[in-house]
Asker: 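My questions all concern the structure below.
Here the structure is a predicted model, which is why all the values come from computation and not from measurement.
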Amino acid sequence: MSFSEKCYAVLRKVPRGKVTTYGEIARAVGVLGGARAVGNAMNKNPYAPEVPCHRVICSDGKIGGFATGSAKKVKMLEKENVEVRNWKVDLEKHKFILRR
DNA sequence: CATATGACACTAT
DNA sequence: AATAGTGCCATAT
């Protein structure tokens, strides 16, 4: 199973209304400092929307990127009741803790 | 095998 | 608090 496949597997566990970060996912799959690599995987994500890649944001709460435009990402999150203010999300409120 | 790339993260200003 | 550097890792060339 490739690195990206593992990322999709973990991300699959993130529930609606919650989010996680690139770095967290990297950690979850056992690759510290692999946040950037996770971004690459998300960028390709062949399992959308089965795999909620829009629930992955930056460690500082900023939205981060999205293949079809960050604006779309924000909309989707808001539809799931995730509050986004000035391109930022309150991690304390919406961050989903991944098992390590 | 060597380099370049990108949806990041951390530290020091 | 906001910004600039620098490091990082899987993939693609």
Side-chain angles (χ1 to χ4, degrees):
Chain A
M1 189 179 227
S2 70
F3 170 76
S4 14
E5 293 291 321
K6 290 180 190 170
C7 292
Y8 302 138
V10 201
L11 185 51
R12 219 188 294 275
K13 302 173 186 171
V14 180
R16 239 181 67 101
K18 287 289 179 182
V19 300
T20 184
T21 72
Y22 298 93
E24 282 285 316
I25 292 186
R27 251 184 304 180
V29 301
V31 181
L32 296 177
R36 223 166 169 175
V38 172
N40 289 323
M42 295 304 106
N43 180 40
K44 299 167 185 174
N45 180 26
Y47 306 75
E50 161 57 31
V51 171
C53 52
H54 60 281
R55 296 183 192 149
V56 188
I57 64 183
C58 299
S59 67
D60 60 0
K62 283 185 300 188
I63 290 305
F66 199 63
T68 54
S70 309
K72 288 277 190 69
K73 190 172 179 178
V74 174
K75 279 188 178 180
M76 301 181 75
L77 288 173
E78 296 184 319
K79 285 181 183 176
E80 300 186 344
N81 302 309
V82 175
E83 308 168 49
V84 182
R85 175 166 78 64
N86 288 59
W87 299 92
K88 292 180 193 171
V89 171
D90 182 349
L91 290 176
E92 295 301 307
K93 264 188 183 297
H94 304 96
K95 184 175 178 182
F96 177 73
I97 309 300
L98 292 173
R99 164 182 134 70
R100 285 176 262 172

Asker: Rounded at 0.5 Å granularity, tell me how far CG in A:Asn40 sits from CG in A:Asn45.
Answerer: 13.0 Å
Asker: How long is the line joining CZ of A:Arg36 and C1' of C:dC8, in whole Å?
Answerer: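 Between C1' of C:dC8 and CZ of A:Arg36: 8 Å.
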Asker: Any side-chain hydrogen bond (donor to acceptor under 3.5 Å, both in side chains) pairs touching residues 81-91 of chain A, not counting sequence neighbours?
Answerer: none
Asker: Mind checking side-chain hydrogen bond (donor to acceptor under 3.5 Å, both in side chains) for A:Tyr8 and listing every partner two or more places apart, or none if nothing turns up?
Answerer: none
Asker: Please find the earliest and latest nucleotides of DNA chain B, in the 5' to 3' direction, that have an atom within less than 4.0 Å of any heavy atom of chain A.
Answerer: B:dG6 to B:dC10
Asker: Transitively linked via ILVMFWY side-chain contacts under 4.5 Å: A:Val19 with A:Leu11?
Answerer: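 The answer is no; the residues belong to distinct hydrophobic clusters.
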Asker: Which one of A:Lys79, A:Glu80, A:Lys73 satisfies the side chain to side chain donor-acceptor pair (under 3.5 Å) criterion with A:His54?
Answerer: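 Going through the options one by one, the only one that passes is A:Glu80.
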Asker: Restricting to nitrogen or oxygen on both sides, can you table the protein-nucleotides 4-6 of chain C pairs closer than 3.5 Å?
Answerer:
none

Asker: Cluster question for you: counting only ILVMFWY and a side-chain heavy-atom cut-off of under 4.5 Å, with indirect links fine, are A:Met42 and A:Val14 together?
Answerer: yes
Asker: Could you tell me which non-hydrogen atom of A:Val51 sits nearest to which non-hydrogen atom of A:Arg12, and how far apart they are?
Answerer: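 What the structure gives for the nearest pair is CG2-NH1, 4.0 Å.
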Asker: Both A:Val38 and A:Thr21 contact DNA chain B. Taking the nearest nucleotide for each, which residue is further toward the 5' end?
Answerer: A:Val38
Asker: What residues form a side-chain hydrogen bond (donor to acceptor under 3.5 Å, both in side chains) with A:Glu5, not counting sequence neighbours?
Answerer: A:Tyr47
Asker: Quick one: side chains of residues 60-67 of chain A, donor-acceptor pairs under 3.5 Å with protein atoms, not counting sequence neighbours, listed by atom name and distance.
Answerer:
residue, atom, partner, partner atom, Å
A:Asp60, OD1, A:Lys62, N, 3.0
A:Asp60, OD2, A:Lys62, NZ, 3.4

Asker: Looking at residues at least two apart in the chain, or sitting in another chain, which of them share a side chain to side chain contact (heavy atoms under 4.5 Å, CB included) with A:Val10?
Answerer: A:Ala28, A:Val29, A:Leu98
Asker: Quick test of your reading: applying ring pair (Phe, Tyr, Trp, His ring centres under 6.0 Å), list the pairs with at least one residue in residues 9-33 of chain A, sequence neighbours left out, ordered by first then second residue.
Answerer: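 Passing the test, one end in residues 9-33 of chain A: no pairs.
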Asker: According to side-chain hydrogen bond (donor to acceptor under 3.5 Å, both in side chains), who are the partners of A:Lys6, at least two apart in sequence or on a separate chain?
Answerer: none
Asker: Go through the structure and list residues passing side-chain hydrogen bond (donor to acceptor under 3.5 Å, both in side chains) with A:Lys72, not counting sequence neighbours.
Answerer: none
Asker: Residues of residues 74-87 of chain A with any non-hydrogen atom less than 4.0 angstrom from an atom of DNA chain B: list those, numerically ordered, please.
Answerer: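 Output list: empty, so none.
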Asker: With a non-hydrogen cut-off below 4.0 angstrom, is A:Tyr22 in contact with a base, only sugar-phosphate, or nothing?
Answerer: base
Asker: Taking only heavy atoms on the protein side, list every residue of residues 39-72 of chain A lying under 4.0 Å from any atom of DNA chain C, sorted numerically.
Answerer: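 Within this stretch, A:Asn40, A:Lys44 sit under 4.0 Å of the strand.
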